*Asks:* 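Below are the structure tokens for one structure; questions will follow.
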Protein chains: 2
Amino acid sequence: MRPTLQTVADAVGVSRSTVSNAYGRPDQLSPELRARILATAKELGYAGPDATARSLRRGRAGAVGVLFTTTLSYAFVDPFAVLFLRGLAEAVERNGTGLLLVPLSTEDEAASVAAVQNAVVDGFCVYCVPEWHGSLEALRSRGLPVVTTEYRDDVPAGELQVGVDERAATRAAARHLLGLGHRRIALLTNDMAPKGETGPLDLAGPGDFRYFVERERVSGVAEVFAEVGVGWDDLIVVNAAANSRASGAQAAAHALDRADRPTAIVACTDLLALGAMDALAARGLTPGRDVSVTGFDDIPEAAPAGLTTVRQPAVSKGTLAGELLLDPPEDPAERRLLLPTELIVRASTGPATMRR
Amino acid sequence: MRPTLQTVADAVGVSRSTVSNAYGRPDQLSPELRARILATAKELGYAGPDATARSLRRGRAGAVGVLFTTTLSYAFVDPFAVLFLRGLAEAVERNGTGLLLVPLSTEDEAASVAAVQNAVVDGFCVYCVPEWHGSLEALRSRGLPVVTTEYRDDVPAGELQVGVDERAATRAAARHLLGLGHRRIALLTNDMAPKGETGPLDLAGPGDFRYFVERERVSGVAEVFAEVGVGWDDLIVVNAAANSRASGAQAAAHALDRADRPTAIVACTDLLALGAMDALAARGLTPGRDVSVTGFDDIPEAAPAGLTTVRQPAVSKGTLAGELLLDPPEDPAERRLLLPTELIVRASTGPATMRR
DNA sequence: TTGAAAGCGGTACCAT
DNA sequence: ATGGTACCGCTTTCAA
């Protein structure tokens with residue numbers, strides 16, 4: 001059997017408290033006794049106080065949990081997520097706190113709920129988890145501090161937030177395209193509906209999107225185009241099964257291969273936009289000349305590709321989320337952080353041209 | 001005060017065991033009672049069984065800890081690490097297990113040790129942590145399963161391993177350069193010595209490197225060149241302060257600005273190699289023509305840059321590490337996995353040319 | 001089907 | 001400086 005504190009205490013002939021102090025409060029006992037205790041512990045193969053028991057007693061886990069949209073590994077697939085996590089990691093490690101990536105399952109919601117309930121953490125960071133997902137409720141009912149990466153009103157009061165004005169951001173992108181003369185555009189989304197399939201979407205309006213971010217981004221575009229008489233039904237909306245380059249290319253194909261090919265493609269993420277550019281290339285089309293493309297996030301890959309996109313601070317979004325979580329401000333106003341966005345114009349957008 | 005199992009039990013008028021069963025073993029009590037318990041719990045704001053207490057009692061944490069070379073955030077900075085973690089994440093999440101990134105501190109070793117001791121996990125994955133680091137000893141003494149990403153003999157018996165033959169890999173790269181006529185080469189390392197400064201290194205031999213991986217990779221190159229009479233002292237060794245592109249460029253500068261400029265640069269990682277290519281570009285030199293460059297890892301950025309490098313399986317290295325950890329094989333032979341490497345020749349290497 | 005009791009492995013207050 | 005004693009919150013035989 002694995003030795004415990006008691007084992008060591010008995011062997012040395014002291015009390016548990018003293019052994020405990022030998023580890024956690026060296027100043028509470030004579031150096032000599034401490035040395036003897038530590039030596040005996042080593043001899044017995046005692047590894048030091050058990051982490052779980054210590055956490056239970058101290059009431060502190062020393063880690064914050066991170067929840068991702070879909071799966072745990074998505075954290076290492078999406079370039080924006082990686083940047084965000086870098087920031088989050090920097091903030092928490094400064095504090096000696098760890099990061100627990102919680103395994104959510106796409107197939108088994110019960111498993112996800114269990115994972116959230118069993119997570120030994122002091123707080124949670126929620127990265128784009130759909131509001132209807134059961135794990136979110138499980139998470140909130142734990143009563144721990146929670147920070148989300150969306151800036152929105154319809155959440156439990158007091159929840160920490162760090163986000164951007166998604167809608168205003170895409171409005172800027174839409175105005176840019178409008179100014180370039182574009183009137184026939186396609187929207188590339190990644191709504192991750194239960195059975196996400198790549199293909200055209202026929203929705204009554206932006207409000208039908210299931211994801212907050214998707215809803216907001218699409219709304220921004222729709223608003224701007226509506227102002228000039230281009231209604232919702234005039235927009236070509238194509239959903240991508242996943243937020244990946246390949247999926248973006250597939251989705252873009254649906255728009256590009258239409259008889260009334262759009263002159264511009266507005267993608268909800270850079271990954272989708274880069275995929276759209278791949279699709280253009282495959283058809284011998286040049287971004288910014290034949291068809292304009294915009295993205296969202298400004299991931300590192302965007303600049304070399306010449307992608308016009310909305311930049312949002314990735315790393316600092318993570319850092320701020322971490323700081324908020326580790327030391328939640330009292331003032332409600334400080335519990336919600338709105339970060340700036342900026343439209344970065346590159347070569348992938350240009351004047352609308354008539355089709356040759 | 002937060003409600004506990006007891007609170008709920010008292011409120012309903014049953015015992016703790018029954019409430020516990022209501023959550024963990026629904027079949028052990030009448031559906032009706034269970035419903036009443038759950039309703040009361042909700043009313044009381046009871047969030048369900050405490051994660052830490054449950055872990056303690058069950059003796060299972062539901063997570064594996066991950067240790068990184070330097071800091072936690074490095075996990076999201078190094079492209080190879082990101083790929084590795086993706087694989088690891090995929091493996092563990094399949095099992096419903098989480099990933100706890102343990103915060104190591106560069107400055108405060110005691111803090112790192114504490115972080116390892118307090119990590120609530122069922123096992124550890126060690127990613128390139130130097131063997132002399134105190135946290136490693138703390139980790140091993142916990143007696144949990146451990147998997148390391150290096151294939152080597154001088155570790156505690158039974159430790160799980162998944163790695164590559166680093167030395168053989170760089171031997172292949174060196175032979176490639178040799179075949180192209182290169183005799184005067186520079187080595188770019190990232191030994192992360194305590195006070196890592198970028199600059200020339202004057203070591204007695206490859207054995208002086210503090211890191212296993214560095215030692216092995218450099219040894220491979222040295223061995224091959226020694227065979228043709230190019231000794232250790234003929235090699236230009238420059239250390240980079242960090243494993244980053246910028247640092248690699250800085251280090252490469254030391255080699256490139258010498259009077260006897262090397263005709264080839266062998267970098268210990270792709271990041272350093274890409275930095276070296278940056279340094280070449282800054283000097284108007286063309287990789288593969290003026291100076292050849294090789295890297296290690298074959299990260300995604302390597303191909304577009306035309307970098308000749310050693311490929312090692314990044315994602316599957318992570319997957320295998322995870323599988324090993326979650327279900328350690330009995331057979332000692334299966335506890336150590338040697339993965340293949342492959343030299344990928346691209347445009348960054350070419351025939352050695354006399355300096356113009 | 002439900003409950004009593006015994007831990008899981010420690011920590012920290014309060015005496016001595 | 002050291003020890004006694006609760007107690008952290010839950011799970012799990014085992015008995016009723």
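Residue numbers start from 1 in every chain, and the chains themselves are labelled A, B, ... in the order their sequence lines are given, proteins ahead of strands. Just so it is clear, the structure is predicted and the values come from calculations on it, not from any experiment.
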*Asks:* Between A:Thr18 and D:dT2, is there a side-chain N or O to OP1/OP2 distance below 4.0 Å?
*Replies:*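 Negative; the distance criterion is not met.
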*Asks:* Evaluate the side-chain proximity of A:Cys125 to A:Leu88: yes if any heavy-atom separation is below 4.5 Å, no if none is.
*Replies:*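 Yes - at least one pair of side-chain heavy atoms lies under 4.5 Å apart.
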*Asks:* Between the main-chain N or O of A:Ala61 and the side-chain N or O of A:Asp122, is there a donor-acceptor pair closer than 3.5 Å?
*Replies:*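 Judged by distance alone, yes, a pair lies under 3.5 Å.
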*Asks:* Give B:Gln28 one of three labels, base, sugar-phosphate or nothing, depending on what nucleic acid heavy atoms sit under 4.0 Å from its own.
*Replies:*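 If one applies the 4.0 Å heavy-atom cut-off, B:Gln28 turns out to touch a base.
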*Asks:* Give the ring-plane orientation class for A:Phe84 versus A:Tyr127, where under 30° counts as parallel, over 60° as perpendicular and anything between as tilted.
*Replies:*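 It falls in the tilted class, 30° to 60°.
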*Asks:* What are the atom names and distances for every N/O pair under 3.5 Å that joins the protein to nucleotides 12-16 of chain C?
*Replies:*
unit_1: C:dA12; atom_1: N6; unit_2: A:Ser17; atom_2: OG; d: 3.0

*Asks:* To the nearest Å, give me how far apart CZ (B:Arg36) and P (C:dT1) are.
*Replies:*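 After rounding, the reported distance stands at 15 Å.
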*Asks:* Mark yes or no for whether A:Arg16, through its side chain, and A:Gln6, through its backbone, hold a donor-acceptor pair below 3.5 Å.
*Replies:*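 The answer is no, because no donor-acceptor pair under 3.5 Å joins these two groups.
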*Asks:* Does B:Ser15 have a side-chain nitrogen or oxygen under 4.0 Å from the phosphate oxygens OP1 or OP2 of C:dG3?
*Replies:*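 For C:dG3, OP1/OP2 do have a side-chain N/O of B:Ser15 under 4.0 Å.
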*Asks:* Measuring only between side-chain heavy atoms, which start at C-beta, is B:Val66 closer than 4.5 Å to B:Val102?
*Replies:*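 A side-chain contact under 4.5 Å is absent here.
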*Asks:* What residues, two or more places apart in sequence or in another chain, satisfy side chain to side chain donor-acceptor pair (under 3.5 Å) together with B:Asn95?
*Replies:*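 B:Asn95 satisfies side chain to side chain donor-acceptor pair (under 3.5 Å) with B:Thr97 once adjacent residues are dropped.
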*Asks:* Whole-Å distance between D:dG4 P and A:Gln6 CD?
*Replies:*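 Taking CD of A:Gln6 and P of D:dG4, I get 10 Å after rounding.
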*Asks:* Excluding sequence neighbours, so at least two apart, what forms side chain to side chain donor-acceptor pair (under 3.5 Å) with A:Ser17?
*Replies:*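 Applying side chain to side chain donor-acceptor pair (under 3.5 Å) to A:Ser17 gives none.
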*Asks:* B:Ser73 vs A:Glu93, test: side chain to side chain donor-acceptor pair (under 3.5 Å). Steps then yes/no.
*Replies:* CA-CA 8 Å; B:Ser73 49; A:Glu93 75 182 336; 2.8 Å; yes
*Asks:* Mind checking whether A:Arg335 and A:Leu324 have side chains closer than 4.5 Å, heavy atoms only?
*Replies:*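 Answer no - side chains too far apart.
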*Asks:* For residues 10-48 of chain B, which residue pairs qualify under ring-ring contact (aromatic ring centres under 6.0 Å, His included), counting only residues two or more places apart or in two chains?
*Replies:*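 Pairs touching residues 10-48 of chain B that pass the test: B:Tyr23-B:Tyr46.
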*Asks:* Verify whether the ring centers belonging to A:Phe76 and B:Phe76 lie closer than 6.0 Å.
*Replies:*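 Between B:Phe76 and A:Phe76, which both carry aromatic rings, the centre distance is below 6.0 Å.
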*Asks:* CG of A:Asp10 versus P of C:dG9: gap in Å, rounded?
*Replies:*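 Taking atom P of C:dG9 as the reference, CG of A:Asp10 is at 14 Å.
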*Asks:* Could you state the OH-P distance from A:Tyr23 to C:dT11, rounded to the nearest angstrom?
*Replies:*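 Between P of C:dT11 and OH of A:Tyr23: 10 Å.
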*Asks:* Can you find a pair of side-chain heavy atoms, one from B:Leu5 and one from B:Val8, that are under 4.5 Å apart?
*Replies:*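 When only atoms from C-beta onward are counted, B:Val8 and B:Leu5 do not touch, as no gap falls below 4.5 Å.
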*Asks:* If you take any heavy atom closer than 4.0 Å to DNA chain C, which residues from residues 43-51 of chain A end up in contact?
*Replies:*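 Within residues 43-51 of chain A, the residues near DNA chain C are A:Tyr46, A:Gly48, A:Pro49, A:Asp50.
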*Asks:* Taking side chain to side chain donor-acceptor pair (under 3.5 Å) as the test, write out the residues that go with A:Ser105, two or more places apart.
*Replies:*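 Scan of A:Ser105 (side chain to side chain donor-acceptor pair (under 3.5 Å), adjacent residues dropped) gives none.
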*Asks:* For B:Leu5, report the nucleic acid contact type (base, sugar-phosphate, nothing); a contact means any heavy atom under 4.0 Å.
*Replies:*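 Contact class for B:Leu5: base.
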*Asks:* Considering only nitrogen or oxygen atoms on both sides, find all protein atoms under 3.5 Å from nucleotides 14-16 of chain D and state each distance.
*Replies:*
none

*Asks:* Can you list every pair that meets side chain to side chain donor-acceptor pair (under 3.5 Å) and has a residue in residues 137-164 of chain A, with sequence neighbours left out?
*Replies:*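 Pairs touching residues 137-164 of chain A that pass the test: A:Glu131-A:Arg152, A:Arg140-A:Glu159, A:Glu150-A:Arg152, A:Arg152-A:Asp154, A:Asp153-A:Arg336.
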*Asks:* Nearest nucleotide by nearest heavy atom, which residue falls closer to the 5' end of DNA chain C, B:Ala53 or B:Val14?
*Replies:*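 Nearest-nucleotide comparison on DNA chain C picks B:Val14.
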*Asks:* Just jot down the salt bridge (Lys or Arg N to Asp or Glu O under 4.0 Å) partners of A:Glu323, sequence neighbours excluded, or say none.
*Replies:*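 Listed in chain order: A:Arg94.
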*Asks:* Rounding to an integer number of Å, can you tell me how far A:Leu56 CG sits from C:dG7 C1'?
*Replies:*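 Those two atoms, CG and C1', are 13 Å apart.
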*Asks:* Rounded to whole Å, how long is the line connecting atom CG of B:Leu29 with atom P of D:dT11?
*Replies:*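 It works out to 13 Å between those atoms.
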*Asks:* Could you name each residue pair satisfying ring-ring contact (aromatic ring centres under 6.0 Å, His included) that touches residues 95-123 of chain B, not counting sequence neighbours?
*Replies:*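 Pairs touching residues 95-123 of chain B that pass the test: none.
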*Asks:* Quickly work out the B:Arg60 CZ to C:dG9 P distance and round it to whole Å.
*Replies:*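 These atoms are roughly 17 Å apart.
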*Asks:* Between A:Ser15 and A:Thr18, does a side chain to side chain donor-acceptor pair (under 3.5 Å) hold up when you go through it step by step?
*Replies:* CA-CA 5 Å; A:Ser15 77; A:Thr18 304; 3.3 Å; yes
*Asks:* Of all of residues 109-122 of chain B, which get a heavy atom below 4.0 angstrom from DNA chain D, listed by number?
*Replies:*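 Hits under 4.0 Å, by residue number: none.
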*Asks:* Specify the angle, to 10°, made by the local axes at the two ends of the helix from C:dT1-D:dA16 to C:dT16-D:dA1 when five pairs are taken at each end.
*Replies:*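 Axis-to-axis angle, ends of the helix: 30°.
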